Number of protein chains: 2
Amino acid sequence: MQSITHAAQQTIGPAGRMTARPVVPDPLDLLEQFGSTLTIGREHEIYGQGDPARYCWRILSGCVRTVKLLEDGRRQVGEFLFAGDIFGLDDLAIHDFAAEAVTDVKLRRYPRRTVEALAESRTALAHWLHTLTLNNLHAAHERMMLLGRKTAIEKLASFLLEMARRSAMPGRVMVDLPMSRTDIADHLGLTVETVCRVLAHLKRDGTLGISRTGIELYDRRCLCDLACEPRH
Amino acid sequence: MQSITHAAQQTIGPAGRMTARPVVPDPLDLLEQFGSTLTIGREHEIYGQGDPARYCWRILSGCVRTVKLLEDGRRQVGEFLFAGDIFGLDDLAIHDFAAEAVTDVKLRRYPRRTVEALAESRTALAHWLHTLTLNNLHAAHERMMLLGRKTAIEKLASFLLEMARRSAMPGRVMVDLPMSRTDIADHLGLTVETVCRVLAHLKRDGTLGISRTGIELYDRRCLCDLACEPRH
DNA sequence: CGCAGGGTTGATAGCCTTCAAGGTCTGTGG
DNA sequence: CCACAGACCTTGAAGGCTATCAACCCTGCG
């Protein structure tokens with residue numbers, strides 16, 4: 001992984017995804033002295049569903065998923081998070097989703113009590129935190145449309161485009177997919193088999209190439225059409 | 001409709017749904033002088049998808065739905081809102097969903113610019129607004145699980161329980177359903193026909209009774225089991 | 001009374017799941 | 001270096017759940 005500066009991280013994070021430049025100079029600097037760095041191994045839990053929401057986190061490197069379980073084991077993956085993303089701020093007192101490491105991850109952890117206390121006096125920080133939450137809400141609304149009204153192909157197309165937008169350079173065609181097919185299925189409300197079949201279908205079409213760890217986009221336009229997302 | 005006091009509205013609203021009592025004495029009082037009251041007729045639009053988010057709103061009476069459309073007409077109903085609920089705060093600059101009147105509604109409207117300016121100095125208000133957003137995010141997460149992983153029966157059971165929780169008295173069995181079957185279908189990611197069939201099925205089971213404008217819960221426990229929600 | 005819109009029910013079709021089997025990759029230990 | 005185990009991925013066949021298409025009913029209204 002390349003070394004990442006603060007300024008860069010800000011524009012990659014959930015806030016940065018939506019707004020072209022940060023609303024506030026650098027609210028993270030206020031928190032930095034209260035953070036601690038830690039590493040978590042692949043497939044280990046960062047926090048559990050139902051745990052008290054004592055910390056929030058920033059990803060330095062690696063990939064994290066948020067997961068929610070029904071009693072009978074049905075699983076919903078809320079989102080995949082990458083370097084620069086911030087998570088653990090979306091809950092009031094109890095974590096609604098668990099957070100798990102998809103790959104080995106390096107994290108920076110901040111006590112929420114401190115964050116909230118700081119936000120009381122620093123309105124710029126408070127404003128920034130609220131913007132993060134609104135962006136997450138926007139993403140959740142997009143996913144409601146996807147889960148409720150899109151077909152399997154459309155779901156995969158939307159997913160791959162989102163991954164491309166976040167993890168690849170604008171011109172590049174290679175997109176890393178560090179998560180398993182099962183994770184993707186549980187993210188899109190499908191089964192593993194359907195995910196495989198749709199990917200195979202898109203490969204036969206010549207829309208993309210498949211390798212174990214990622215995909216290669218040959219025809220982005222075609223994916224956009226499939227995803228019902230004209231603007232890209 | 002009975003007349004509603006401020007204090008009562010607070011605990012019915014989106015914030016009140018989660019926390020037993022308001023975090024702040026009465027942040028609405030700060031805004032009240034900037035509000036204006038208006039009435040909107042059944043099936044009329046309050047604001048459109050893509051409109052600039054200039055106002056936020058509080059429902060005095062009636063029912064409102066939020067709606068998002070795909071280009072080909074596929075529709076997703078985000079949520080149904082009732083007296084006391086506040087909406088229009090979930091967007092950054094542009095409304096992500098449209099808001100439409102399900103019944104005739106009486107609304108109180110507040111300029112967002114004013115709300116945000118006030119929040120800069122009144123941290124209690126800012127905190128309260130953030131709590132509202134977090135509760136909406138929590139609801140969106142629940143709906144992701146519902147849309148992605150639940151069956152038609154489970155979706156209906158969850159929906160009816162939520163309506164019962166919000167619109168009925170604790171002991172009452174009658175639940176008003178002011179919205180159309182199509183609205184319910186688009187809220188749950190189903191078709192009208194499936195909604196009708198599932199309701200008919202539950203009626204034959206003796207779980208509930210059906211009238212044009214609502215339902216009557218006979219066996220709440222059964223619904224909870226169907227909805228995969230043990231605690232109620 | 002006739003119309004229009006929503007609601008309900010039935011028959012059929014299709015998408016996706018389920019169940020099953022085989023393939024591929026990776027890490028481990030001899 | 002090779003063999004093997006296990007996890008994940010892929011592909012095939014069959015079935016089920018829900019959508020689609022169609023018809024009819026019911027209610028409110030001009």
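In this text the structure is predicted, and so the values were computed from the model without any measurement.
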Do the side chains of [X] and [Y] get close enough for a salt bridge, i.e. N-O under 4.0 angstrom?
X: B:R42; Y: B:E100; answer: no
X: A:D72; Y: A:R74; answer: yes
X: A:E193; Y: A:R197; answer: no
X: B:E229; Y: B:R221; answer: no

Is there a donor-acceptor pair under 3.5 Å between the side chain of [X] and the backbone N or O of [Y]?
X: A:H95; Y: A:Q49; result: no
X: B:R143; Y: B:H187; result: no
X: B:K68; Y: B:Q76; result: no

Subject >> Any residue of residues 180-193 of chain A with a heavy atom less than 4.0 Å from an atom of DNA chain C >> reply: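 Here the set is A:G189, A:L190, A:T191, A:E193.
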Original post:
Quick one: side chain to side chain contact (heavy atoms under 4.5 Å, CB included) partners of A:P111, sequence neighbours excluded?
Top reply: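 Checked A:P111 against side chain to side chain contact (heavy atoms under 4.5 Å, CB included); matches are A:F34, A:Y55, A:T114.
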Original post:
How long is the span from the CD1 atom in B:I210 to the CD1 atom in B:I215, to the nearest 0.5 Å?
Top reply: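 If I round to the nearest 0.5 Å, the distance is 8.0 Å.
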**OP:** With rounding to the nearest 0.5 Å, note down the distance linking CE in A:M174 to OG in A:S211.
**Re:**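 The distance works out to 5.0 Å.
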Original post:
Please, which pairs that meet salt bridge (charged side-chain N to carboxylate O under 4.0 Å, His left out) have at least one residue in residues 174-187 of chain B, sequence neighbours excluded?
Top reply: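 Every salt bridge (charged side-chain N to carboxylate O under 4.0 Å, His left out) pair that includes a residue of residues 174-187 of chain B, provided the two are not neighbours, is A:R149-B:D186, B:R65-B:D183, B:R75-B:D183, B:R75-B:D186.
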Subject >> Contact boundaries on DNA chain D for chain A, cut-off under 4.0 Å to non-hydrogen atoms >> reply: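 For DNA chain D, the relevant span reads D:dC9 to D:dA13.
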Original post:
Hey, what bend do you get for the helix from C:dC1-D:dG30 to C:dG30-D:dC1 if you fit axes on five pairs at each end, rounded to 10°?
Top reply: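 Nearest ten degrees gives 30° for this helix.
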Original post:
Angle class for the B:F87/B:W57 ring planes (parallel below 30°, perpendicular above 60°, tilted otherwise)?
Top reply: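 Parallel.
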**OP:** Under 4.0 Å from any heavy atom of chain A: name the first and the last nucleotide of DNA chain C that qualifies, 5' to 3'.
**Re:**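 The protein-touched segment is C:dC16 to C:dC25.
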